[in-house]
2 protein chains.
Amino acid sequence: MANIKEIARMAGVSVTTVSRVLNNHPYVSKDKRAAVLDTIEQLNYTRNMNAVHLITGRTGAVAVILPYISAFYFSIIMNGIAREALLSQCRLILCQSNYSVEEEIKVLEMLRNKEIDGVVIVSTALKPEIIEEYTAYGPVVTCQDSGQRRYSSVYIEHYAAFRQGLQYLTDKGCRTIGYCEGRQNGSSAVIRQTAYRDFIAEHKLAFQEEWMIYDCITEEDGAAVAQSLLEMPERPEAMIITGDHVAAGLIIEARRAGLSIPGDLAVMGFDNQPIGRLLEITTIDNHLYEMGAAAFRIIHEQISSGSAEPTYRKLDYRIIERSTI
Amino acid sequence: MANIKEIARMAGVSVTTVSRVLNNHPYVSKDKRAAVLDTIEQLNYTRNMNAVHLITGRTGAVAVILPYISAFYFSIIMNGIAREALLSQCRLILCQSNYSVEEEIKVLEMLRNKEIDGVVIVSTALKPEIIEEYTAYGPVVTCQDSGQRRYSSVYIEHYAAFRQGLQYLTDKGCRTIGYCEGRQNGSSAVIRQTAYRDFIAEHKLAFQEEWMIYDCITEEDGAAVAQSLLEMPERPEAMIITGDHVAAGLIIEARRAGLSIPGDLAVMGFDNQPIGRLLEITTIDNHLYEMGAAAFRIIHEQISSGSAEPTYRKLDYRIIERSTI
DNA sequence: GCTTGCTATGGAATCCATTTCATAAAATAC
DNA sequence: GTATTTTATGAAATGGATTCCATAGCAAGC
């Protein structure tokens, strides 16, 4: 109800002075400042932030696009983002897209509409060209490598990381290796698939189509994989699985069925998720938390500096040796 | 750059007409509508939503306060909220509070500032009186029972649910029951503790202080509980554990140590989380997804109707019998 | 032929804070 | 004692939409 004009009238000053008090501007006398603060208190006044956003052209909010909030992979990244956002007093708007292009574009439109100051895209169904179109309206950073685009990115070298996993398995003597992936058409999935096929070919390893299994997202998907492994006429000696949660499901189910791990089957996980530590799964740590944190730091830096210069940050990875191989 | 005035000038109409086109108002002739749409296209125009928010006094955004995004308990509720938000074209602003009162109040201040239209509080460090103060500025709904307050709530009868779990265990013959809880001072934790003590007293069950274990949040906390159980001079026959994830950690670790479950130790979980299905944990399903969905539906209804009348919705629960008891 | 109702349009007020510009007094410089 | 800088204050412009109110043409009602 009360607005700045009302406060000014009641405190016997101009709206400019009220605004100065509100924004801690130095050039206000002690008396007037006190009078204004008093009136504000009395009328239980707060600014209408929409007016502030309109006039300043900023909102102090950053949107995050991610397919699913609760998937472990994303929630680790999200934690990194949230931590940094907290530190820089920035509001986060979370958009769960379910990989819907339409939903993701809606978020980019918010940037164009000036509802938000920037966008962090954790994973996306959008083509890089579409994202690029929106860089005119504000900073965007993705958590995927899309080459040298007009927007920033923080990324993992999935190809190299996956090969390193395979190398580790062959070093340990595994000659037949199966592979569990999440969404078949995810951009990182495509890269890993190439890494897998290349490695198999280069090392002349035996290979069967049924050893490549897709759509493994949850623990239960992992358990289902264990079942299908048991039914295979020829089972691989090792499985490399993108996501420790899925690996956990596979391991629990395989052990229940009497398989010894790593004796009968070696398992390499991915992403160093908490459950992996519990089950002592050997895994590749992709530093997902750091990925989220870095993404937010970049977007925040770009928002506050007003710079449109994109940054490309490559993260490293490392194998954590535990006891499933 | 371009604004509605510019569009009006170029299209040769008034700003009112442009606004009508923008808002699909019927009283605009075909020609003018076409001319306006044409100019909009040409100038690549979009509304500045901050101006819209200012004049309409609405933003179409709802904030969600929750302590941790990634904790399973919360992320299930969050999924329910997100699904409903998507359906009603509402933006969600996620605020991870880490149980910080200051952070939570910041969100309520956003309601006062008119940055958001409503708040869903999933779990809170705030006293009900503080929340009540803010109901003057817009609808608030909590996912906790705080009695008949001036804000809505969706809640589970923790007391009854917990007792039912205990009853189930005693029906199955357990005479000594331990108890794992998350945050000791959480409002639901306090209720469950009372339920536990009451039940023990009423049924004259043996009891030891060390059977009540707090701060069990993750799988690894559960694993640690398994270790401490092993070291107890007198170990309870059953454990009731708030959260299947924690129960999973306990079960995995206990089995690794050679304990048979349910033979040597019966385990009852909570919340029917995915991992529980995999490990066949007997659990109490609290319908958390539905809780989130209901909370959002209530807030949305209150926003669109402008009603301040609080709603109180009690959710039911049910035991899912599997094989850890 | 006069009243009523619908369609179409625009002017101006409104939402509420920030910021530029202008002005003047007080303090400091030289 | 004049010139310059610093402090203090307010009027008015600005950001960009929505909406109330007024006006007017035209069709329908009786």
Side-chain angles (χ1 to χ4, degrees), chain A residues 1-37 39-40 43-61 109-117 137-138 306, chain B residues 1-37 39-40 43-61 109-117 137-138 306:
Chain A
M1 187 97 279
N3 58 21
I4 199 172
K5 222 164 156 183
E6 184 86 358
I7 302 293
R9 207 176 45 76
M10 287 199 53
V13 298
S14 72
V15 292
T16 314
T17 301
V18 179
S19 178
R20 288 203 182 95
V21 173
L22 253 22
N23 295 287
N24 290 316
H25 191 281
Y27 292 167
V28 179
S29 67
K30 248 187 174 173
D31 308 2
K32 303 223 167 181
R33 168 163 276 127
V36 169
L37 288 173
T39 319
I40 285 175
L43 266 65
N44 187 29
Y45 165 82
T46 25
R47 283 186 277 207
N48 181 325
M49 290 308 284
N50 295 132
V52 178
H53 296 161
L54 173 60
I55 193 97
T56 59
R58 295 273 211 91
T59 62
E109 282 292 328
M110 285 173 62
L111 189 61
R112 189 158 164 240
N113 287 337
K114 304 200 187 296
E115 288 185 272
I116 50 177
D117 294 344
Y137 308 114
Chain B
M1 188 96 279
N3 58 21
I4 199 173
K5 224 164 155 181
E6 184 87 358
I7 302 293
R9 207 176 45 76
M10 286 199 54
V13 298
S14 72
V15 291
T16 313
T17 300
V18 178
S19 177
R20 288 204 181 94
V21 172
L22 253 22
N23 294 288
N24 291 314
H25 190 282
Y27 291 169
V28 180
S29 67
K30 248 186 175 174
D31 308 2
K32 303 223 167 179
R33 168 163 275 127
V36 169
L37 289 173
T39 317
I40 286 175
L43 266 65
N44 186 30
Y45 165 82
T46 25
R47 282 188 278 207
N48 182 324
M49 290 308 284
N50 295 132
V52 177
H53 296 160
L54 174 60
I55 192 100
T56 59
R58 295 274 213 90
T59 61
E109 282 293 328
M110 285 172 62
L111 188 61
R112 191 159 162 239
N113 289 336
K114 303 202 187 296
E115 289 185 270
I116 51 178
D117 295 343
Y137 309 114

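Residue numbering restarts at 1 for every chain, and letters A, B, ... go by the order of the sequence lines.
- Of the possible donor and acceptor atoms, one in the side chain of D117(A) sits under 3.5 Å from a partner among the backbone N and O of G60(A).
- Remark: L37(B) pairs with V21(B), R33(B) by the side-chain contact (heavy atoms from CB on, under 4.5 Å) rule, at least two apart or across chains.
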So which protein N/O to nucleotides 25-28 of chain D N/O distances come out below 3.5 Å?
none

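- Pairs engaging residues 7-32 of chain A under the salt bridge (Lys or Arg N to Asp or Glu O under 4.0 Å) rule: E6(A)-R9(A) [sequence neighbours left out].
- For S19(A), the side-chain contact (heavy atoms from CB on, under 4.5 Å) partners at least two apart in sequence or on another chain are I4(A), N23(A).
- At a threshold of 4.0 angstrom between heavy atoms, the contacts of K5(B) with the nucleic acid are absent.
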Nucleotides 12-14 of chain C: which of its N/O atoms have a protein N/O under 3.5 Å away?
none

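- For the segment residues 18-28 of chain A, residues with any heavy atom less than 4.0 angstrom from an atom of DNA chain C are, sorted by number, S19(A), N23(A).
- For the side-chain contact (heavy atoms from CB on, under 4.5 Å) test, residues two or more places apart in sequence or in another chain that qualify with T39(B) are I7(B), M10(B), A11(B), L43(B).
- Residues satisfying the side chain to side chain donor-acceptor pair (under 3.5 Å) test with S14(B), not counting sequence neighbours, are T17(B).
- Applying the side chain to side chain donor-acceptor pair (under 3.5 Å) rule to N50(B) yields no partners; only residues at least two apart in sequence or on another chain are considered.
- Distance from the side chain of K32(A) is smallest for dT9(D) among the nucleotides dC16(C), dT9(D), dA17(D).
- Within the structure, ring-ring contact (aromatic ring centres under 6.0 Å, His included) pairs that include any residue of residues 4-37 of chain B comprise H25(B)-Y27(B) (at least two apart or interchain).
- Take N44(B) and apply the side-chain contact (heavy atoms from CB on, under 4.5 Å) test, not counting sequence neighbours, and it matches R112(A), Y137(A).
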